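This is a predicted model, so every value here is computed, not measured. So you know, we letter chains A, B, ... as the sequences are listed, proteins then strands, and number each from 1.
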Amino acid sequence: MPTVTFGEAIRQAYDEEMTRDKNVCLIGEDVGRWGSLYRSSRGLLEKFGPDQIKDTPISEAAIAGCGVGAAAMGMRPIVEIMYIDFISISMDQIVNHAAKWRQLSNGKVKLPMVFKTQGGAGRRNSSQHSQCLENWFVYVPGLITVMPSTPYDVKGLLKSAIRDDNPVVFIEHKSLYFDKGEVPEEEYLIPLGVADVKRVGEDLTIVATSWMVSFALKAAEQLQEEGISCEVIDPRTLWPLDKDTIIKSVRKTGRCMVVTEASAEGGWSGEVSSVVHEHCFSDLRSPVKRHCGMRTGIPYGPTLEMQCIPSAESIAGAARDLVAQEVTAAGAAL
Amino acid sequence: MPTVTFGEAIRQAYDEEMTRDKNVCLIGEDVGRWGSLYRSSRGLLEKFGPDQIKDTPISEAAIAGCGVGAAAMGMRPIVEIMYIDFISISMDQIVNHAAKWRQLSNGKVKLPMVFKTQGGAGRRNSSQHSQCLENWFVYVPGLITVMPSTPYDVKGLLKSAIRDDNPVVFIEHKSLYFDKGEVPEEEYLIPLGVADVKRVGEDLTIVATSWMVSFALKAAEQLQEEGISCEVIDPRTLWPLDKDTIIKSVRKTGRCMVVTEASAEGGWSGEVSSVVHEHCFSDLRSPVKRHCGMRTGIPYGPTLEMQCIPSAESIAGAARDLVAQEVTAAGAAL
Amino acid sequence: MDDLKKLYGEMLLLRHFDQQCMDLKKKDIIYSGYHPYEGQEGVAVGFCGALRGDDVLLSTHRPHCHAVAKGCTLEAVLTEMMGRVTGCSGGLGGAMQFLAPEDNFYCGSVVGSNVGLATGFAMAMKQNKTDSVCMCLFGDGASNHGTFHEGLNLAAIWNLPVVFVCENNQFAEAMPVEEFVSCERISARAKGYGLEEITVDANDVEEARRVAEEAIEKCRRGEGPVLIEAVTYRIKGHYVGDPEATYRDPKDVEAAREKEPLKRAKEKLLEAGVDEAELDAMQEAVVAKLARLETWALEQEFPTLEAAVDHVGIALENAPEVRGPQSLVL
Amino acid sequence: MDDLKKLYGEMLLLRHFDQQCMDLKKKDIIYSGYHPYEGQEGVAVGFCGALRGDDVLLSTHRPHCHAVAKGCTLEAVLTEMMGRVTGCSGGLGGAMQFLAPEDNFYCGSVVGSNVGLATGFAMAMKQNKTDSVCMCLFGDGASNHGTFHEGLNLAAIWNLPVVFVCENNQFAEAMPVEEFVSCERISARAKGYGLEEITVDANDVEEARRVAEEAIEKCRRGEGPVLIEAVTYRIKGHYVGDPEATYRDPKDVEAAREKEPLKRAKEKLLEAGVDEAELDAMQEAVVAKLARLETWALEQEFPTLEAAVDHVGIALENAPEVRGPQSLVL
Ligand SMILES: Cc1ncc(C[n+]2csc(CCOP(=O)(O)OP(=O)(O)O)c2C)c(N)n1
Ligand SMILES: Cc1ncc(C[n+]2csc(CCOP(=O)(O)OP(=O)(O)O)c2C)c(N)n1
Ligand SMILES: [Mg+2]
Ligand SMILES: [Mg+2]
């Protein structure tokens, strides 16, 4: 299988879907001439022309609105918001319109559109360019939220997101664009709402997303040497959540840790933790642990930001503590 | 003690704080002439003049930005966003600026400001005017989030929010404005971050917020007659969360249910559920239950919206089920 | 005069329809916020009525007359406001927000947002190489919103077929336009987008229609967008029973009544020799028609909770391969 | 000529400072996105340099020269960009976002937002009855943002003392202004807010300063706001190493070099008989000063994790009664 970067996998997904369907178009700031900030659409303006690749002014509200209108007319727009931090400017269009119109028309208006953006730390861009805001979208009925972690996944999921008839918020991670991985030459889709067990294990289920998946896998390798066997699950779609895969795993391992770069408070990690407790209470040897980013704006500088988010070491440390812990729940004592 | 409406309690808080400190001002659409949509600032333009009561154009982004700038200059602005649904338009100013500036200046820039808005269903205003979006703010480091449930609380909390040196998102409920309750004549403050035990009980801890508190209390009354004793906790401040009060209660009752009008998925109820599991795992007889609004846009019509959110009856039903349940946790079996 | 008679008839229907809705609101049979339209009929009939079926209209939180003028049936619009399944949005939307894709009509209750949405509808039209146009109506208050600016700029640089109509009814809730809009005429904003400044007295329905047709034709020729300030007056409060005394003098309302579009059209018709009895007959017919409508409407069903689904949870008919099985069992 | 010599000297410092930052960026000693300023010095010196200490300046994601011209020390600005504790924001902000309240300087990396923020600073000034003003700088790209519109309108209806300066450097990243801004001159947007249309060739630093002073005085007199389009040219890429070939012809850059503000000021000075050796000496002094600065800067400490606190968790010194005890133990 060819090995390509995360960014190239995105470009391939665009290329294939735009070739397949002329209604697919990409709308955003410098998606054309520049081929997007991290070059994931390079060369596409030349290939598909300005009907499918649309450079826009700096107008995040209008761009998002434009996507909603175009989708209502049957196009399949991908609206790119350059940094997730700026999606704060498009929230009205996403939440009050994109998320509502299908219901408001009894399903008659379909909104086959993708809000594509990137978030997270790791490129030393400080607190206005490094946020993890994914749970805003999980929280809003009417939206699908996707966060891929590998080149293989991003391609298959993006293609599915483009083909889905509901608005999908598709969140890449800025620190993943230059990561490499195998991507088959033949076409494939990855269904939305299906988790991937990235590593099979027995003692502990680690649910991790996006950039954190690779850290969790590194931690799992290290722990394996210490005799702790971790199962690492990447839900890939944050909502709809593939509860079955997670529940099945926790029933087996009896322990669960959720790892996110986003801070825990008010985050999606609490959703997973709650779901696991609700479904696996009697299987759990100890409460689900959330191992998450610090509750702070990501600070600038060469090293500080990495200290604010989980690392392979910190994940391994937290996992060790969790496995060592055996908590007696009251229920059993009765 | 005099009995006043929720709206009047807000007006009193404004009045007292604006009298005490000329830097306190209210900025928003029709807060002056009209005295706000639900009349909570009526008469104040006449009393305090346009320096303290500022009618604005329909410009939610600029209004929020104006508040941030004014606060950085030492004023204490209250920015009113008429419906929380429109706060989607102010998110950049709240999240990328208000929430970040204090940290970004090492504490030198204080932002003593309140983003005041109202949300929720109950007034048949359909999906673009009825949302519960509070968890967006709990999720963002640098913000305090408050949701009062009674006239007494709204007054004391609003006064504290105005005096706090950090940005506070203060969310009222549109269905509470005409509720009445006792409010003392003498001045009082309610500290942010302190929960209120609205009813003492033994068998089950119900954590409820905003409009749901009254429903939970009604349910508790009914359940009492059936011999089930509920403790009802209103955190009042969603973040910082008064974990101690909740944990103490659950250690006593061994059961916990979180009731929110917002749907559970990605919501603040998951935060509470996680915190309780993390701290009270061995005290719990069964997993924490989230009893929350349906995951949908609030539909229009005379009755449908009330079917989408918890009621006293549904809360009582869920509580009955929860108390009947005894789940054996694995930990104890080991 | 036949043209004016026709326009007058359409305005008459809207006037009475609006009155009927207001009564239903007072009886609590319309449930949500309801925003009366009296006095603004020149805009609905002059502008919305100038559109073809395949043109798209994006309206506001004050949409009911726009919708009817665009071609939605009275049945669908009224029962939507009454929350019945026969409504445009199946009764899920209410009086401020509903979608009627079959009639190419969309509205919503967030002020200003539709200016952004319009660019997408028009972009699709342009790309599909049809000569359809999109008309986007919004208020004087909305012209202060950021989306107004972004949408106008985007439409202008892309040459999109949008007729932007700023329905200047002098007020945004209690905010008089002259205090909250920083330029003398809203049309002065056109220059900032390289567009022509156009202001029309929309209480003159014929003039409104003429300007509308010109703008629509311009967009059909690919020379859009166009921005038009359509000046009118909101005779009623922002909503039924709002505290009007806080923001305007009753005398101003009286003065506005002298200039409102129905009165003007009627005077012109009478001057031109049209028989008053004919106009009275028109009115009677409208009243009778609306009475039948109401009787029918009151018999329609309300939607049930099943309608309030989050469509995200539903697997896709046309592309099942993109959805995992658990999406069925959310 | 003494005035121009002074302005020239200030521009010279910024030119070399910018060059130095660019080198540090290439060496990965400046870590975040870094946006060069070469060619735009006429704006920083002409406009920002015209402010008093008590005036507030709101800048952009390209802030370093604005900051220095406003009065922040080179030490504070450079070490902020290098992430050291001695920086304006204690090294937490970086090259695109930092706050220096003691110097009344604020900037941020979200394009357009500062136009809204400016209204608040100015509102406070007006209310405090000082004659301070707020200057808000933003780019040609930012003039397409919704906040531009909302902020201008709000400032205009409230008569706020803000000098809005649109630094038109011809590009927003790879977007040429003429393709993305729908009016010929950005200043044409002024009319939409009832303001005068003012465009200045900001490569003529004297002219820029004259226009700046006039605008500032106008605001001090309570006759604000003012909107100025300051035309200049971004000689370097949007960031170091951007794919310039995708959006402009190298010939255009060459042409722009002929018109850039330092060259023009120098020519004028020489024409007026200033000795070239004197100018060379100025340059040498600048270079030496910056070399000392860098040596010092490299010795400064980085902040530690303790600095990255969420201030919400901290109980209040001045009003402890509004916070419960648990806020201490988050
Ligand atoms: C973004 C937003 N802000 C505020 C409101 C509340 N609101 C509803 S109608 C209205 C006034 C709108 O004025 P205008 O645009 O002139 O339209 P009109 O009501 O006069 O038809 C306001 C402020 C809203 N619906 N949306
Ligand atoms: C809201 C927002 N959208 C997009 C960006 C990404 N971005 C950073 S700089 C820039 C170009 C800004 O152009 P302009 O306003 O002309 O300022 P200049 O860079 O020319 O100084 C863009 C699009 C951003 N920082 N903020
Ligand atoms: Mg109006
Ligand atoms: Mg620029």
Item checked: Contact origin within C/S143 toward chain B - heavy atom pairs under 4.5 Å -> neither
Check: How many angstroms lie between CZ in B/R124 and CD1 in C/I30, if you round to the nearest 0.5 Å?
Finding: 11.0 Å
Next item on the list: First locate atom CE of C/M96, then atom CG of B/N125, and finally report the distance between them rounded to the nearest 0.5 Å.
Entry: 4.5 Å
Notebook entry, point to check: Between B/I89 and chain C, which part of the residue has a heavy atom less than 4.5 Å away: side chain, backbone, both or neither?
Noted result: side chain
Note to self: What part of C/H149 gets within 4.5 angstrom of chain B, counting heavy atoms only: side chain, backbone, both, or neither?
What the structure shows: neither
Next item on the list: Identify which part of B/R33 has an atom lying under 4.5 Å from any heavy atom of chain C, answering side chain, backbone, both or neither.
Entry: both
Next item on the list: Compare all side-chain heavy atoms of C/S32 with those of B/H129 and state whether any distance is below 4.5 angstrom.
Entry: no
Margin query: With a 3.5 Å distance limit and no angle check, can you tell me whether B/T296 reaches the backbone of C/A308 through a side-chain donor-acceptor pair?
Written below: yes
Check: Hey, does the side chain of B/Y300 reach the backbone of C/M81 with a donor-acceptor pair shorter than 3.5 angstrom?
Finding: yes
Next item on the list: Identify which part of B/D85 has an atom lying under 4.5 Å from any heavy atom of chain C, answering side chain, backbone, both or neither.
Entry: neither
Notebook entry, point to check: Which of parallel (below 30°), tilted (30 to 60°) and perpendicular (above 60°) describes C/Y239 and B/W34?
Noted result: perpendicular
Check: Where does C/F302 contact chain B at under 4.5 Å (heavy atoms): side chain, backbone, both or neither?
Finding: side chain
Check: For B/T56, is it the side chain, the backbone, both or neither that has a heavy atom under 4.5 Å from a heavy atom of chain C?
Finding: backbone
Check: Taking every heavy-atom pair that is under 4.5 Å apart, which of C/G83, C/G141, C/S109 has the most such pairs with chain B?
Finding: C/S109
Next item on the list: Under 4.5 Å heavy-atom distance to chain C, tell me which part of B/E265 shows up: side chain, backbone, both or neither.
Entry: neither
Notebook entry, point to check: What heavy-atom pair brings B/I58 and C/H145 nearest, and what distance separates the two atoms?
Noted result: O-CD2, 3.0 Å
Next item on the list: Side chain from CB out, backbone as N, CA, C, O: work out which of these in C/V111 comes under 4.5 Å of a heavy atom of chain B, or both, or neither.
Entry: side chain
Item checked: chain B contact via C/F98 - which portion, at a heavy-atom distance below 4.5 Å -> neither
Next item on the list: Could you pull out the closest heavy-atom pair between B/L304 and C/L305, with the gap in Å?
Entry: CD1-N, 3.7 Å
Notebook entry, point to check: So which of B/G32, B/S88, B/C308, B/S59 has the largest heavy-atom pair count under 4.5 angstrom toward chain C?
Noted result: B/S59
Check: So, C/Q97 side chain and B/Q128 main chain: donor-acceptor pair closer than 3.5 Å or not?
Finding: yes
Item checked: Shortest non-hydrogen contact between C/N144 and B/P57, atoms and distance -> ND2-CB, 3.6 Å
Check: Is a side-chain donor or acceptor of B/S127 paired with a backbone partner of C/G93 at a separation under 3.5 angstrom?
Finding: no
Item checked: Proximal component of B/M82, with respect to chain C [non-hydrogen, under 4.5 Å] -> side chain
